[in-house]
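What follows is a single structure, written as structure tokens, with notes after it.
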Amino acid sequence: MSSALPSSTAEPQLRPKLTVAAGTTARAALEAAGTDLNGPSGVVVVRDSADQLRDLDVPFEATDEVEPVAIDSPDGLSVLRHSAAHVMAQAVQDLFPDTLLGIGPPIENGFYYDFLPKRPFTPEDLGAIEKKMTEIIKASQRFSRRRISDDEARAELEAEKFKLELIGLKGQPGNTTPTELNAEEASQVGGGVLTMYDNLNRDGELVWTDLCRGPHLPTTRRIPAFKLMRTAAAYWRGDQKNEQLQRIYGTAWPTKDALKAYLVQLEEAAKRDHRKLGAELDLFSFPEELGSGLAVFHPKGGVLRKEMEDYSRRRHEESGYEFVNTPHISKQTLFETSGHLPYYADGMFPPMEFEGSNYYLKAMNCPMHNLIFRSRGRSYRELPLRLFEFGSVYRYEKSGVVHGLTRVRGMTQDDSHIYCSKAQMAGELKNLLDFVIDLLRDYGLDDFYLELSTRDDSPKFIGEPAEWAEATEALRQAALDSGLDLVPDPGGAAYYGPKISVQARDAIGRTWQMSTIQVDFQQPKRFGLEYTGADGERHQPVMIHRALFGSVERFIGVLTEHYAGAFPAWLAPVQVIAIPVSDDQVDYLYDVAKALKERRIRVEVDSGSDRMQKKIRTAQQAKVPFMLIAGSQDAENGAVSFRYRDGEQRNGVPVEQAVQEIADFVASRKNSSPSVADFG
RNA sequence: GCCGCCUUAGCUCAGUCGGCAGAGCGUCUCACUCGUAAUGAGAAGGUCUAGGGUUCGAUUCCCUAAGGCGGCUCCA
């Protein structure tokens with residue numbers, strides 16, 4: 001999953017190309033054309049005919065056609081953020097002179113820089129660094145590019161051991177895609193020629209310098225708005241065997257308003273946090289006594305969960321799945337047979353020794369489903385055989401990775417294993433993908449893209465290359481047929497086969513990995529799964545693993561954030577709250593509630609001693625879709641008043657009609673909040 | 001697992017420069033009986049996460065553990 005927020009960047013404007021004559025600068029050409037270089041959409045770099053971004057103030061060796069790049073375009077934002085990273089590094093080395101530099105690339109919505117300081121940074125340090133950065137920005141330092149040979153760079157950066165390492169790893173001249181470096185590292189040294197960026201103050205004095213491919217803003221003054229967000233630790237070059245550096249994250253924007261909008265967006269996202277809403281709405285908790293990553297669902301969360309599962313069961317039933325059940329623990333031999341143990345023992349809870357055997361909590365359901373397949377002879381007439389289970393699995397997630405409901409140690413997968421013939425595989429995958437997308441849509445997610453995870457040369461992948469190729473092709477075809485965007489993920493496959501994962505964007509644009517569909521030739525082999533074909537011969541089935549929600553827990557977390565806790569009426573733990581204007585209407589409302597309960601509506605009467613206004617407020621905060629309010633007039637007329645989540649109301653609705661409307665709305669499984677417009 | 005920060009009432013948080021702890025919300029009780037987002041008054045509620053150390057004395061300082069948060073690595 002990625003919970004990164006979308007950048008709120010406007011679409012880049014297409015600007016007319018300009019000619020930069022040999023020996024002159026892009027700035028000269030832009031100024032001659034009267035281009036804005038300072039505003040919120042001002043041009044900060046140009047793109048040359050070789051598709052390289054170039055500084056405004058570095059003279060061109062040859063005449064070229066360039067495309068102006070504005071600060072608020074995706075490339076412009078990267079330049080802004082990378083430049084902000086340099087300013088931060090200068091501020092840090094200024095305040096903490098013995099600090100060594102790692103790398104400082106732009107990232108989505110901001111930038112970071114890794115440091116090796118004498119001591120870790122504190123929150124107070126961040127304030128001081130921000131202040132120093134503001135001084136540097138106000139000083140309007142120029143970013144000045146300077147070519148340098150490898151040897152010169154080594155001499156100049158003698159004290160910076162990490163930079164020296166990058167120089168050693170960079171590609172040779174002409175090799176623009178150094179294989180040893182990832183994209184973020186390459187942004188420091190590029191492929192061929194090394195360059196330094198010198199920060200020069202107004203008097204042209206050198207105040208700071210960094211090894212960098214560039215390009216940069218013309219001056220630090222062009223950083224209109226930034227904020228340091230947090231400190232964190234990060235391993236050098238992303239490898240946990242390496243030294244751990246201190247990373248500082250920041251964000252930078254073309255205007256103060258854009259920064260503010262981004263911060264507001266973060267606040268909105270924080271309000272949706274399922275861990276916070278889960279407690280506020282009394283859905284679930286993580287009792288310390290149970291241990292990390294183990295959730296309990298309270299009655300309200302239990303209802304939500306039951307509704308989700310019930311609907312899923314119904315759809316699976318309609319789609320030809322058969323329901324099975326398997327235990328939570330198994331003898332070690334099962335996971336030896338499946339081949340999981342050598343790969344995933346670290347991810348499983350340690351075994352319990354009992355009656356001379358080691359028992360493991362299951363971390364996956366597939367081996368047990370295989371046993372069901374194998375329990376008797378199978379005919380081709382039974383295929384595809386689709387076994388489904390809400391199966392609870394336990395995984396020993398490392399302590400630092402447990403996170404709310406999205407990364408837990410005990411979870412329930414909506415797990416299914418489909419056994420089919422090779423000939424059926426392509427069609428089954430296509431149907432499966434349609435089924436997955438269709439079901440996710442019913443829960444209100446409707447913006448998807450797919451990721452196709454394939455093998456690379458790593459030895460961790462097992463099985464015949466021909467089988468991999470066939471399965472990968474079948475998955476790719478199913479993905480293409482779906483019409484959704486397909487993102488390749490080379491090397492991301494499971495060791496036993498390729499997979500498609502469905503990524504869903506939620507209401508505020510964050511993406512979550514939801515469903516996975518994996519093809520597996522290994523386990524049928526290992527378990528000796530067979531069926532008798534029409535030809536009377538024995539054949540090995542193809543096995544497809546799939547989970548739609550991923551896990552029920554995780555899906556509840558995602559939906560909670562997607563709906564910000566205001567669940568669709570059909571899922572809402574409490575669908576109706578009945579509120580009397582005074583105590584005199586309590587009995588009347590219990591009668592209304594009885595009528596609703598007969599229609600299987602989840603209704604509560606708030607008979608407490610609060611005033612009506614307070615009860616409305618409470619129900620509103622509980623994000624209940626329907627409030628039914630009754631005073632003496634309503635009671636006399638056999639009517640109720642509706643109040644919806646949006647605060648709109650409809651008065652004097654006859655009880656029978658109100659019950660029908662609510663029952664119909666819930667049955668419709670509409671995912672939008674009910675409002676006056678739904679009942680015109 | 002690694003780095004940093006955090007843990008005080010059911011929740012959100014004050015506070016004690018080391019001398020037996022406080023607010024708001026919530027809960028309970030009483031009064032009020034009210035027409036679309038907080039009626040008023042009162043009460044209960046805490047081994048200050050746990051264990052060890054320093055000290056005449058520890059919620060406060062130190063160590064360890066557990067749990068949480070932010071990242072990194074990982075995510076079958």
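So that the names make sense, note that chain A is the first sequence line, chain B the second, and so on, each numbered from 1. Note that these values count all heavy atoms, side chains included, but never hydrogens, waters or copies made by symmetry.
Distances were taken from every side-chain heavy atom of A:Ala494 (C-beta onward) to each of B:A76, B:G71, B:G68; the shortest belongs to B:A76. Among the nucleotides B:A76, B:C72, B:U33, the one closest to the side chain of A:Asp584 is B:U33. For A:Val401, the listed nucleotide lying nearest its side chain is B:C72; candidates were B:G70, B:C75, B:C72.
Between B:A65 and B:G1, the distance separating the two P atoms is 10 Å to the nearest Å. When the C1' atom is compared between B:A76 and B:U59, the two are found 45 Å apart, to the nearest whole Å. Taking atom C1' on both B:G15 and B:G46, the two are 14 Å apart, rounded to the nearest angstrom. For the C1' atoms, the distance from B:C11 to B:G68 is 15 Å, rounded to whole Å. Straight-line distance between the P atoms of B:C61 and B:A37: roughly 46 Å, to the nearest whole Å. B:G19 and B:U60 have their C1' atoms separated by 11 Å, given to the nearest Å. Remark: the separation of the C1' atoms in B:C13 and B:C6 is 13 Å, to the nearest Å. For B:G18 and B:A58, the P atoms lie 14 Å apart once the distance is rounded to whole Å.
Summary of the strand contacts: A:Met364 and A:Gly291 both lie near RNA chain B, and taking for each the nucleotide with the nearest heavy atom, the more 5' one is attributed to A:Gly291. Residue-to-nucleotide proximity on RNA chain B shows that, of A:Ala363 and A:Asp239, the 5′-proximal contact is made by A:Asp239.
Separation of the A:His417 and A:Phe373 ring centroids does not fall under the 6.0 Å cut-off. Taking the centre of each ring, A:Tyr343 and A:Tyr495 come in below the 6.0 Å mark. Checked against a 6.0 Å centroid threshold, the rings of A:Phe335 and A:Tyr359 do not count as neighbours.
Ring geometry for A:Tyr113 versus A:Phe115: interplanar angle under 30°, hence parallel rather than tilted (30 to 60°).
A salt bridge between A:Glu561 and A:Arg510 is present, with a side-chain N of the basic residue lying under 4.0 Å from a carboxylate O of the acidic one. In summary, A:Glu467 and A:Lys525 engage in a salt bridge, as defined by a charged side-chain N under 4.0 Å from a carboxylate O. Salt bridge status for A:Glu268 with A:Arg272: absent, with no side-chain N to carboxylate O gap under 4.0 Å. Using a 4.0 Å cut-off between charged nitrogen and carboxylate oxygen, A:Glu243 and A:Lys161 count as a salt-bridge pair. The pair A:Arg119-A:Asp125 meets the salt-bridge criterion, since a charged nitrogen lies less than 4.0 angstrom from a carboxylate oxygen.
For A:Arg407 against B:C74, a side-chain-to-base donor-acceptor contact under 3.5 Å is present. A:Tyr235 contributes a side-chain N or O that forms a donor-acceptor pair with the base of B:G1 under 3.5 Å. Between the base of B:C72 and the side chain of A:Gln240 there is no donor-acceptor pair shorter than 3.5 Å.
Remark: the backbone N or O of A:Thr99 is paired with a side-chain donor or acceptor of A:Gln93 at under 3.5 angstrom. The backbone N or O of A:Val436 lies less than 3.5 Å from no partner atom in the side chain of A:Ser515, so there is not a single donor-acceptor pair.
Separating the CG atom of A:Leu589 from the P atom of B:G35 is a distance of 15 Å, rounded to the nearest angstrom. Put simply, NZ on A:Lys241 is 16 Å from P on B:C2, counting in whole angstrom units. A:Gln244 has its CD atom 11 Å from the P atom of B:C72, to the nearest Å. Here the C1' atom of nucleotide B:C72 and the CE atom of A:Met229 are 18 Å apart, to the nearest Å. Atom pair A:Asp415:CG and B:A76:P shows a separation of 14 Å (rounding to whole Å applied). Look at CZ on A:Phe115: it is 16 Å from C1' on B:G4, rounded to the nearest Å. Whole-Å rounding puts the A:Leu277 CG to B:C11 C1' distance at 14 Å. Here the P atom of nucleotide B:G4 and the CG atom of A:Leu116 are 13 Å apart, to the nearest Å.
Defined by atom type and a distance below 3.5 Å, a donor-acceptor pair is present between the side-chain atoms of A:Asn370 and A:Tyr419.
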| said: What does the B/S/- profile of nucleotides 36-47 of chain B look like, 5' to 3', with a 4.0 Å heavy-atom cutoff to protein? | reply: BBBB--------
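Base-pairing analysis of RNA chain B finds the following stems of at least three consecutive Watson-Crick or G-U pairs, with both pairing distances under 3.5 Å: B:1-7 with B:66-72, B:10-13 with B:22-25, B:27-31 with B:39-43, B:49-53 with B:61-65.
Using a 4.0 Å cut-off, no side-chain N or O of A:His403 falls inside it from OP1 or OP2 of B:C69. Regarding contacts with the backbone of B:C69, a side-chain N or O of A:Arg275 is found under 4.0 angstrom from either OP1 or OP2. At the phosphate of B:C72, OP1 or OP2 sits under 4.0 Å from a side-chain N or O atom of A:Tyr249. Applying the 4.0 Å criterion to OP1 and OP2 of B:G1, one finds that A:Ser399 has a side-chain N or O inside that range.
Nucleic acid contact for A:Tyr496: sugar-phosphate only, since backbone atoms but no base atoms lie under 4.0 Å from a heavy atom of the residue. Residue contacts for A:Gln518: at a heavy-atom cut-off of 4.0 Å it reaches the sugar-phosphate backbone alone, with no base atom in range. Residue contacts shown for A:Ala233 include a base, since a base heavy atom lies under 4.0 Å away. Among the heavy atoms of the strands lying under 4.0 Å from A:Tyr344 is at least one base atom, whether or not backbone atoms are also near. Nucleic acid contact for A:Gln246: sugar-phosphate only, since backbone atoms but no base atoms lie under 4.0 Å from a heavy atom of the residue.
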